[in-house]
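Encoded as C-alpha cells, the structure appears first; notes follow it.
Each chain gets a letter, A, B and so on, in the order its sequence line appears, and its residues count up from 1. These numbers were taken from a predicted model, which means no experiment stands behind them.
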Amino acid sequence: MQESHDRSAYDPRAVEAAAQQFWSDTHAFEVKEDAARQKYYCLSMLPYPSGALHMGHVRNYTIGDVISRFQRMQGKNVLQPMGWDAFGLPAENAAIKRGIPPAKWTRQNIAHMREQLHAMGFAIDWSREFATCDPDYYVHEQRMFVRLFQKGLVYRKDSIVNWDPVDQTVLANEQVVDGRGWRSGALVEKREIPQWFLKITAYAQELLDGLDQLPGWPDAVKIMQRNWLGRSEGLQLRFDVEGGGAIEVFTTRPDTLMGVTYLAVAAEHPLALEAAKHNPALRQFIDDCRQGGVSEAELETREKRGVDTGLFALHPVTGERIPIWIANFVLMGYGTGALMAVPGHDQRDWEFATRYDLPIKMVIVSDPVRDAIRELGRDAADNTDAMSAALGQSQAIDVAEPRPVAEVLAEFENRIITEGPFTGHGTLVNSGRYDGMNYRRAFDALARRFEHENRGKRQVNWRLRDWGVSRQRYWGCPIPVIYCPKCGAVPVPEDQLPVKLPEDVAFSGVRSPLKSDPEWRKCSCPKCGGAAERETDTFDTFMESSWYYARYTSPGAATQLDARADYWLPVDQYIGGIEHAILHLLYFRFYHKLLRDAGLVHSDEPATNLLCQGMVIAETYFRMDASGNKTWINPADVDVQRDPKGRVVGATLKADGRPVSIGATEKMSKSKNNGVDPQLMIDRYGADTVRLFSMFAAPPDQSLEWNEAGVEGMARFLRRFWREVVNIAGSPPTVSLPPLAGEGARKADGGAGAGTLSAAQKAFRRQLHETIGKVTDDIGRRRNFNTAIAALMELLNVVSKFTDASAAGQALRREALEAMVLLLNPFTPHACHALWQALGHPEALLEDVPWPRVDAAALERASVTLAVQVNGKLRGTVEVAPDAPRERLEAAARALPGVINAIAGKAVRKVVIVPGKVVSIVAN
RNA sequence: GCCCGGGUGGCGAAACCGGUAGACGCAGGGGACUUAAAAUCCCCCGGCCUUGCGGCCAUGCGGGUUCGAUUCCCGCCCCGGGCACCA
C-alpha cells in the first residue's frame, strides 16, 4: 500500500513536462482549414509584452483554453492563436530608464513570456504567432491606410494635445498627473498640432445598428458602446450676432428655444478669439482655459467657469438680445463649439446661470402641472386637490387655496429658478404660438420654420468622434505619408511599403529618435520626385490591435488576408478585460467593416461571442513611516494572525515578526506591491492547480481575489482525484457490465439495464449524470467555470464515499472516474492527459475522445422534494412522486406538524402549488 | 462630472425564469492516525434565544409589487471599471 502510494503520488512537475512535450512533439494544436469539420475560433486578447506574465494574463488565457479544449472535445476544429501587441509607450520608458532600444527590450520580453505561456499548457497554435512590431505585419496596416486615404476615409486636421513646455514634447493622458507632466512636473498646456484621422463617424450608424446583431455580447458592453456612439437627433440653428456675423448652435431640445437666456461658446471658438482681440480680460480667460490636461474626466470635473464677451446674439424668433458668454465646459470638438443655454431646463446651464446670475425662464411644464392647469381652466374654483396632488408629484407645491393659472405657473417657475431645472419632456408655455405643444410637435414646427427661413436644419449628431491615429512617438508603426513642399501630403506608394521603423536607435532624452534623426525622414516626393520629408508620427497602437484577429487566419500571406480568413472568421469566442469595452472593441468592430469593404472578409462583425473577465485582485499590506509615507509589502512576505473564529486580527512581516498594516484588497499592481508572480505559483503547485484555482475562485466576469490558501485547496482536490483514479487504474479498462454503458445500453434494452441497480447505485449514477449535464452546460453555455468545478468536487466527495465493492459498484466507479477525467480535462489538461493513459486508453486525450454524454435514463427520479410555506415562511418539506396529483400534495403539506401549528386557528384562504417546487398556503 | 458594473457567513462564492438563502472551497474549532511533523481521514461551523424539539432575525440602506423577493420596481449609500488629445 505504502509502496503503491509512493509510485502513484501526483507529481505535477513530471506530469506537466511530459504532457507539454507530447503536445509539442505531435504539434497537437496546429490546425488547418477543413471544410468537412465545423470550425471554432477562440481568441483571447493579445498581451502587451511588459516583461512577465501576470495573473490577469493567466486568468484570461485559462478561460480561453478551457473553452478551446471543451470545443475541441465537442469535435470542432478549434483555432486558438497567440501573438504580441508589441508597440507602445512602456518600451520607450524602459529605453529611457535602462538604455535598451525598445525593439530589443520588447523581443526579450516576448521570449520570456512565450516560455511562461508554454508552461501553462495552453492549447495554442504557435505556428501562427507574430508580433505587431514585425514589418511583415505592419506593412499591411500601412497599405490599408494608403487605400483608405485614396478612398477618402482618412484626413488631416489640427487637433489639441497635452504639451509639456519643459520637455518640449507631447504627453499621453496617462503622463499627465494632476495637470502636470509626469517627468518634468511642468504645468501641462494644450497645443494644436496637425494629426491624421480615420473617419469612423462614417460608420457610426452601422456600428450602432450592428449591436443589435450581437446577442452573444454582454449587455453592459453594448450599452456602453451605444452611449459612446451617442446618437442624438436635433436642430442646427443660426443665431445672428448683433453688429454682424452669426453663431451656429446644435440643440437636441429645440422645444426649449424660447427659454434661451444666453449663448455659450468654446474658448477656441472663432467668435471668442475675435472678441478677445480687443479685450484683455477675455484674452486672459481664454489663456487660462489652455492650462491643464485634455482628458474628459479632467474637463468634466473642472469648475464650470465663464466670462461675458459683451456681445449679443439675436433670438431667431423674438429678436430679443441674448448675451454671448465664453464657457470652459463648451468644447470646440463637439457639435459647432457653441450652444444655446436654457437654464430652466438643463442642469449644467442652470448651474452656470445661477453662478453668474443670468436669467432663468420657464418654457416647459411637466405633464402633471399641465393637467392641473387644464382642470383649473375648466373650473377655477374647486380643483385645489387635483392641482396640489399634481404639483406635489413634480415639484412639491402646497396649494392651500384655489388660485389662478398664472399663479400656479409662477410657483412652478419659482421652483425651477430656486431648486433646479425641469429637464423632462413636457408641454410648452411662455412660447407664443408654440404654447401647448409637446416636444415632438414643437420640434417639428420649429424645424419646418427654420428650414423654410434657411436658418437651420434637422441634424443627427454623434458623440462619437473620428479616430485620431497620430501619435508623436517613436515605438509604433510609421504613418506612411510623405510631405512635399509642392504636392503636400502624399501617401507612400504601395510598392515602397513598408516604411520600416529603424530599430537600432538610442534614446537620448524624451524625444522620438525619428524626430531627432535628420536623415531618416529625408526622401523624395512620389509624385514630383522633388526633395520631401517623411511623417515622423506613428500610429495609435489600437491600429495594430484592431485587426490582429484576422491576420492569425492567414499566416504568411503576402496580402493582408487570404481565402483562409473566410473559413475561420468571424471569431466564435473573444475573451478579454472589461476595460476594453469601448475603445478597443469599437475599433475592432470598425476595422472589420473596413476589411469587409475592402473585400477581404465577408461578415459584418468580427466576433459573435464576447466574454469580459474581471480583474485579479489581492490584499495589500504596508508600513507607514513618521512622515506618512507608505512602504507596500508583498502578500508573500506577510503572516496573517486570526482569532479562534478564523477572523483576521492582524498581520506581521515574516522577516522581523513585527506588525504590518492591512490595506484594501485591490487590483494587483506594482504600485501597491500586491502582485503575485504566476511563475512562483506554477513552480510551487504546477500549472494545473493554478489554472483550476483561477477558474474556481470566482465566475469569469467578476473580480478574482488571489488567495494562496485557496490554491492549496485546489492542489488537495487534484491529489485526491489523482489517487481515486490511480486506485482503479489497475482494474480492466472495460468492466463487463453492459447495462451501465449508457448510450449502448439504451439501444440494447431501452434503458432497462439501470433497473437492475440498487437504490444506492441508482442514486450514485444519477448524480454522475446530473454532474455531466451541469458541467457541460456550465462550460458550454453559462461560462460559469466555478460552478462546474464545484459540481466535480461534489461528485468526487460522493465517489470517495461510495464503497460498493460489488461488480456493479466497481463498474459504476469506473464510469464515474473516466467521465471525470474527461470533464476536468479543459481545466487540468496535464493531469487528465496522464490519467487517461493510466486508465489504459491508447489514444491521447484530444479531439478523438468525445465529451461524456448524459444518459437520460439515469436521471429518472422516484420522488421529488417540495418546500411547504405558510404565509411565505418555510414550514417543512414533503417528498412525493413526481406526478402526484394536486390534492395529494395539498393533503401531504397540511399533514406536516409545522404546517398544522402555523395554520391552527386560521382559515386557509388560498393554496398555490408550483409543480416540483413549492406548496404555498395562505392563511389568516 | 458622465456612462457601465458590483455589494450575500470570518473569507472567495452558490442559488440559471420570482419558489427550501449560504452548494463548493478557504480559514477556524474538535477528534483520529503519527515518536514528531507533513500528508490523510472523520465531525462541527451565519447571528440571537432554547436543555432539547424548535423559534426568531438575516442577502448594503429605506420603501413598493407578490401567496412568496438575493432575484422585479422606486429612492438612497458605498466600492470598482471606462472616459477616445478635444460636452
Side-chain angles (χ1 to χ4, degrees), chain A residues 159-163 170-173 176 190-193 195 218-221 223-224 226-228 230 266 268 293-302 304 329-335 339 348 463-465 467-468 470-471 540 542 577-583 586-587 614-615 617 640 642-648 664 666-667 693 696-699 701-705 707 709-714 716-717 719-720 723 777-778 781-782 784 786-787 789-794 797 800 865-874 876-877 898 909-912 914 916-918 920-922:
Chain A
S159 180
I160 304 169
V161 294
N162 298 306
W163 178 257
V170 173
L171 297 177
N173 281 333
V176 179
K190 298 188 181 79
R191 175 176 277 210
E192 284 201 80
I193 60 170
Q195 306 204 58
D219 287 336
V221 171
I223 292 167
M224 281 192 265
R226 221 169 257 129
N227 291 335
W228 185 260
E268 304 87 0
V294 296
S295 77
E296 186 180 329
E298 196 171 329
L299 292 167
E300 278 285 332
T301 48
R302 188 165 295 166
K304 308 280 180 286
F329 62 84
V330 182
L331 292 180
M332 203 54 219
Y334 182 76
L339 55 85
R348 196 177 46 193
R463 208 185 87 89
L464 178 73
R465 299 186 294 267
W467 178 10
S470 296
R471 295 291 180 268
D540 176 3
F542 275 127
I578 185 70
E579 67 272 19
H580 293 114
I582 296 173
L583 291 180
L586 197 64
Y587 296 142
M615 302 174 303
I617 59 177
V640 168
R642 294 169 190 277
D643 68 10
K645 288 200 162 185
R647 278 185 285 246
V648 173
E666 51 190 303
K667 182 172 180 166
F693 178 75
F696 176 71
D701 55 348
Q702 285 181 33
S703 58
L704 182 157
E705 186 179 331
N707 163 271
V711 180
E712 284 175 24
M714 294 304 105
R716 218 149 29 223
F717 166 73
R719 279 195 295 266
R720 279 180 64 204
R723 202 172 57 223
D777 190 49
D778 279 353
R781 178 182 65 90
R782 297 179 68 209
N784 273 10
N786 54 329
T787 51
I789 295 166
L792 288 163
M793 288 175 165
E794 229 176 322
N797 291 341
S800 311
T865 306
L866 274 69
V868 180
Q869 296 176 348
V870 177
N871 292 336
K873 283 193 187 274
L874 184 71
T877 58
R909 302 286 172 203
K910 192 172 164 187
V911 177
V912 179
V914 183
K917 296 258 168 86
V918 75
S920 182
I921 299 169
V922 186

How far apart are the C-alpha atoms of A:Val161 and A:Arg471, what are their side-chain angles, what is the distance that settles it, and do they pass the side chain to side chain contact (heavy atoms under 4.5 Å, CB included) test? CA-CA 10 Å; A:Val161 294; A:Arg471 295 291 180 268; over 6 Å; no
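Annotation for A:Ala697 and A:Leu704: closest pair CB-CG, 4.1 Å, computed over non-hydrogen atoms. The two residues A:Ala867 and A:Leu874 make their nearest non-hydrogen contact at CB-CD1, 3.7 Å. A:Gly468 and A:Asp540 get closest at one heavy-atom pair: O-OD2, 4.2 Å. A:Ser703 and A:Ile617 make their closest contact through OG-CD1, 3.9 Å (heavy atoms, listed as atom of the first residue, atom of the second, distance). Contact record, A:Phe717 with A:Leu792: CE1-O, 4.2 Å, taken as the closest heavy-atom pair.
Between A:Leu171 and A:Trp163, every side-chain heavy-atom pair lies at or beyond the 4.5 Å cut-off. Within the 4.5 Å cutoff, no side-chain heavy atoms of A:Val170 are placed close to those of A:Gln195. Residues A:Ile578 and A:Met224 meet the side-chain proximity criterion, which asks for heavy atoms closer than 4.5 Å.
The 5' end of RNA chain B is approached more closely, in terms of each residue's nearest nucleotide, by A:Asn227 than by the other of A:Asn227 and A:Met714. Each of A:Ala698 and A:Val221 was matched to the nucleotide of RNA chain B holding its nearest heavy atom; the match closer to the 5' end belongs to A:Val221.
In terms of phosphate contacts, A:Arg716 brings a side-chain nitrogen or oxygen within less than 4.0 Å of OP1 or OP2 of B:rC26. Regarding contacts with the backbone of B:rA39, every side-chain N or O of A:Arg720 stays at 4.0 angstrom or more from both OP1 and OP2. Not one side-chain nitrogen or oxygen of A:Arg719 sits closer than 4.0 Å to the OP1 or OP2 atom of B:rC41.
As rounded to the nearest Å, B:rG80 and B:rU71 have C1' atoms that lie 22 Å from one another. With both ends at atom C1', the span from B:rU8 to B:rC4 equals 22 Å, rounded to whole Å. Spacing of C1' atoms, B:rC24 relative to B:rG9, comes out at 15 Å, to the nearest Å. Taking atom P on both B:rC56 and B:rC44, the two are 24 Å apart, rounded to the nearest angstrom. Comparing B:rU59 with B:rG10, their P atoms are spaced 13 Å from each other, to the whole Å. B:rC74 and B:rG81 have their C1' atoms separated by 26 Å, with the value rounded to a whole Å. Comparing the C1' positions of B:rG12 and B:rG7 gives an interatomic distance of 14 Å, to the nearest angstrom. On the C1' atoms, B:rC33 is 49 Å away from B:rC78, given to the nearest whole Å.
Syn is the glycosidic conformation of B:rG9, whose angle stays within 90° of 0. An anti base is found at B:rC24: its glycosidic angle is more than 90° from 0.
The separation between A:Leu792 atom CG and B:rC24 atom P is 13 Å, rounded to whole Å. Between the NZ atom of A:Lys910 and the C1' atom of B:rG68 there is a distance of 10 Å, rounded to whole Å. Rounded to an integer number of Å, the gap from CG of A:Asp778 to P of B:rA13 is 17 Å. Distance CG (A:Asp219) to P (B:rG6): 11 Å, rounded to an integer number of Å. At whole-Å resolution of the value, CG in A:Asn784 and C1' in B:rA13 are 11 Å apart. If you take NZ of A:Lys304 and P of B:rC2, they are 9 Å apart, rounded to a whole angstrom. In this entry the distance linking CD of A:Glu705 with P of B:rG25 reads 19 Å, nearest Å. For the pair A:Ile223 CD1 and B:rG5 C1', the interatomic distance rounds to 10 Å; values are reported in whole Å.
Below the 3.5 angstrom threshold, one finds no donor paired with an acceptor across the side chain of A:Arg909 and the base of B:rC67.
Partner assigned to B:rC33 is none, using Watson-Crick or G-U wobble distances below 3.5 angstrom. Here B:rG5 sits opposite B:rC79 as a Watson-Crick or G-U wobble pair (both hydrogen-bonding atom distances under 3.5 Å). Here B:rC56 sits opposite B:rG47 as a Watson-Crick or G-U wobble pair (both hydrogen-bonding atom distances under 3.5 Å). In a base pair of the Watson-Crick type (N1 to N3 plus N6-O4 or O6-N4) or a G-U wobble (N1-O2 and O6-N3), with each distance short of 3.5 Å, B:rC72 is matched with B:rG64.
Counting any heavy atom pair closer than 4.0 Å across all strands shown, A:Leu339 reaches a base atom. As judged by a 4.0 angstrom heavy-atom cut-off over every strand, A:Lys190 is placed among residues making no nucleic acid contact. As judged by a 4.0 angstrom heavy-atom cut-off over every strand, A:Val161 is placed among the base-contacting residues. No engagement by A:Arg191 is indicated, since no non-hydrogen atom pair under 4.0 Å with the nucleic acid exists. Residue contacts shown for A:Arg642 are limited to sugar-phosphate atoms, with no base heavy atom under 4.0 Å away. If you check every strand for non-hydrogen atoms under 4.0 Å, A:Asn797 touches sugar and phosphate atoms only.
Judged by distance alone, with hydrogens and angles left aside, the side-chain atoms of A:Asn707 form a donor-acceptor pair with the main-chain N or O of A:Gly710 at under 3.5 Å.
A:Ala790 meets the side chain to side chain contact (heavy atoms under 4.5 Å, CB included) test with A:Phe696; sequence neighbours excluded.
A:Arg909 and A:Asn871 share no side-chain donor-acceptor pair at under 3.5 Å.
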I'd like a list of close polar pairs between nucleotides 19-23 of chain B and the protein, N/O only, cut-off under 3.5 Å.
{"unit_1": "B:rG19", "atom_1": "N2", "unit_2": "A:Gln869", "atom_2": "OE1", "d": "2.9"}
{"unit_1": "B:rA23", "atom_1": "O2'", "unit_2": "A:Glu794", "atom_2": "OE1", "d": "3.3"}
{"unit_1": "B:rA23", "atom_1": "O2'", "unit_2": "A:Glu794", "atom_2": "OE2", "d": "3.2"}

Show the distances under 3.5 angstrom between N or O atoms of the protein and N or O atoms of nucleotides 77-84 of chain B.
{"unit_1": "B:rC83", "atom_1": "O2'", "unit_2": "A:Glu296", "atom_2": "OE1", "d": "2.5"}
{"unit_1": "B:rA84", "atom_1": "OP1", "unit_2": "A:Asn173", "atom_2": "ND2", "d": "3.3"}
{"unit_1": "B:rA84", "atom_1": "OP2", "unit_2": "A:Glu296", "atom_2": "N", "d": "3.1"}
{"unit_1": "B:rA84", "atom_1": "O2'", "unit_2": "A:Tyr587", "atom_2": "OH", "d": "3.1"}
{"unit_1": "B:rA84", "atom_1": "N7", "unit_2": "A:Arg465", "atom_2": "NH2", "d": "2.5"}
{"unit_1": "B:rA84", "atom_1": "N6", "unit_2": "A:Arg463", "atom_2": "O", "d": "3.3"}
{"unit_1": "B:rA84", "atom_1": "N6", "unit_2": "A:Arg465", "atom_2": "NH1", "d": "2.7"}
{"unit_1": "B:rA84", "atom_1": "N6", "unit_2": "A:Arg465", "atom_2": "NH2", "d": "3.4"}
{"unit_1": "B:rA84", "atom_1": "N1", "unit_2": "A:Arg465", "atom_2": "N", "d": "3.2"}

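Side-chain atoms of A:Gln702 lie closest to B:rA14 of the nucleotides B:rA14, B:rG12, B:rC41.
Comment: A:Glu296 engages A:Arg463 in a salt bridge, judged by a side-chain N to carboxylate O separation of less than 4.0 angstrom.
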